[in-house]
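A short worksheet on the structure shown next.
Residue numbering restarts at 1 for every chain, and letters A, B, ... go by the order of the sequence lines.
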Number of protein chains: 2
Amino acid sequence: MSGVNERAHKAAHRTPDYTSSGPGDLSVHRMPGHFIRRLQQVAVRLFGDCVGPELTPVQYAALCAIAQTPGAGQAALAALIGYDRATIGGVIDRLEQKGWVARSGSPEDRRLNLLSITPDGQAALARAAPAVLAVQDKLLEPLDQQEREAFERMCLKLLAHHLG
Amino acid sequence: MSGVNERAHKAAHRTPDYTSSGPGDLSVHRMPGHFIRRLQQVAVRLFGDCVGPELTPVQYAALCAIAQTPGAGQAALAALIGYDRATIGGVIDRLEQKGWVARSGSPEDRRLNLLSITPDGQAALARAAPAVLAVQDKLLEPLDQQEREAFERMCLKLLAHHLG
DNA sequence: TACGATCTGTATGCATACTGTCAATATTGC
DNA sequence: GCAATATTGACAGTATGCATACAGATCGTA
């Protein structure tokens, strides 16, 4: 058993709205915003199931970005993956506690916490990578190749519009 | 100015990954799970911008479900919209504080908190409804009609697979 | 009818998220 | 060079979201 999000999962089984949809339904069950919330829920649960509890989706993204952009400050890192400055601090705290990330001050700009990934962090990242890729695959499992590409293209289009 | 999610919004403007995408990128910027997280972020920000701070997306969904399913307990309500039993308590607390929802015990089953919407709650719901519909429209703005239908269909397909 | 299994709401703890605010520090305009 | 401005990281406060645990209530069944 996965154990992740068991109650909301069981709850969803009783929701009749994702298999048959009556017309004239003004509730949240017909709103794209609600779909996205539910998909996010599904994605997080899949991540927990496949990767394990040592690393959350948020922590994986941060670790990944730190590995790819060594020497960035917290604000720059947050900018890369779309986090809030107020949130990233706690995320890095937890990664630092695990010994996967190191903070070091910058001599040039004493406001900055330069971030770098440790060898242990590299190992954790490498360990998690296959499972993370598996999550993406499972997430889009019910879609055929063409649909997957269309879905990703539309997501990017939406993001480019709203963020770009 | 909206003021909602300003820091992450500004941050996103500096992210180069949603307009041009280089090949061989193993980071989170090519992962559907990350897209969904970002879309959720966008949807919540739009909701705040259009509806205002009096009502969160979560609270709207709960209020909506209570209005449509009078006399349900908290667990039943949570099941309807895919919340956790532990989370819904706090959501209802806040709706109750605003005087939009009433809890009342059931004589038949003394475990239950029967939920009902108050006249003030009805008014708040009616007041918010147009803005909530506008959010859905803005969210899918960059997609044409055909794409919107395809996007919603794929979302439902994914949800039916993972939740149904 | 007694008893174990199940369900309900609640509490606690941890992990996001975002707003507002602040102090320290850079940067810029003049 | 110096005052106005912007940036950075931190903190408090609020709101989800989920795991776990618990007490009270109900139900199925022996």
Worksheet item: Hey, mind stepping through A/F47 and A/T56 against side-chain contact (heavy atoms from CB on, under 4.5 Å) and telling me if it holds?
Response: CA-CA 8 Å; A/F47 193 99; A/T56 68; 5.5 Å; no
Practice prompt. Go through A/L46 and B/H162 one step at a time and tell me if the side-chain contact (heavy atoms from CB on, under 4.5 Å) criterion holds.
Written response: CA-CA 9 Å; A/L46 276 181; B/H162 289 291; 3.7 Å; yes
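Within the 4.0 angstrom heavy-atom criterion, only backbone atoms of the sugar-phosphate kind lie near A/T56; the bases stay farther away. Contact annotation for A/G73: backbone-only contact, meaning every heavy-atom pair under 4.0 Å involves sugar-phosphate atoms and none involves a base.
The existence of a salt bridge linking B/D137 and B/R148 is confirmed by a sub-4.0 Å separation between a basic side-chain nitrogen and an acidic carboxylate oxygen. Residues A/K157 and B/E147 are paired through a salt bridge, judged by an N-O separation under 4.0 Å between the basic side chain and the carboxylate.
Counting only distance, with no hydrogens or angles, the side chain of B/S106 and the backbone of B/L114 share no donor-acceptor pair below 3.5 Å. Here the side chain of B/Q41 pairs no donor or acceptor atom with the backbone of B/R37 at under 3.5 angstrom.
Each of A/P107 and A/V91 was matched to the nucleotide of DNA chain C holding its nearest heavy atom; the match closer to the 5' end belongs to A/V91. When each of A/K98 and B/L112 is assigned the nucleotide of DNA chain C with its nearest heavy atom, B/L112 is the one assigned upstream, toward the 5' end.
Between A/L77 atom CG and D/dT8 atom P there is a gap of 12 Å when expressed in whole angstrom units. When rounded to the nearest whole Å, the span between CD1 of A/I88 and P of C/dC18 equals 11 Å. For B/H34 and C/dA17, the NE2 to C1' distance is 14 Å, given to the nearest whole Å. Distance, B/L55 CG to D/dT14 C1': 15 Å, rounded to whole Å. Here D/dG24 presents its C1' atom at 18 Å from CD of B/E108, a figure rounded to the nearest Å. Counting to the nearest Å, the P atom of D/dT16 and the CZ atom of A/R38 are 16 Å from each other. Distance B/L114 CG to C/dT8 P: 12 Å, rounded to the nearest Å. Whole-Å rounding puts the A/E96 CD to D/dA10 C1' distance at 14 Å.
Remark: B/Q40 is not in phosphate contact with C/dT16, judged by side-chain N or O atoms under 4.0 Å from OP1 or OP2. Note on B/R85: every side-chain N or O is 4.0 Å or more away from OP1 and OP2 of D/dC18. Listed pair B/R103 / C/dT10 meets the phosphate criterion, a side-chain N or O lying under 4.0 Å from OP1 or OP2. OP1 or OP2 of D/dT7 has not a single side-chain nitrogen or oxygen of A/Q74 nearer than 4.0 Å. The side chain of A/R94 contributes an N or O atom lying less than 4.0 Å from OP1 or OP2 of C/dT16.
The B/R110 side chain lies nearest to D/dT26 when the options are C/dT25, C/dT16, D/dT26. Comparing D/dG17, C/dA17, C/dA11 against the side chain of A/Q41 picks out D/dG17 as the nearest. Considering only side-chain atoms of A/N113, the nucleotide from D/dG9, C/dG9, D/dT26 that sits closest is D/dG9.
Judged by distance alone, with hydrogens and angles left aside, B/R111 brings no side-chain donor or acceptor close enough to the base of D/dT26 to form a pair under 3.5 Å.
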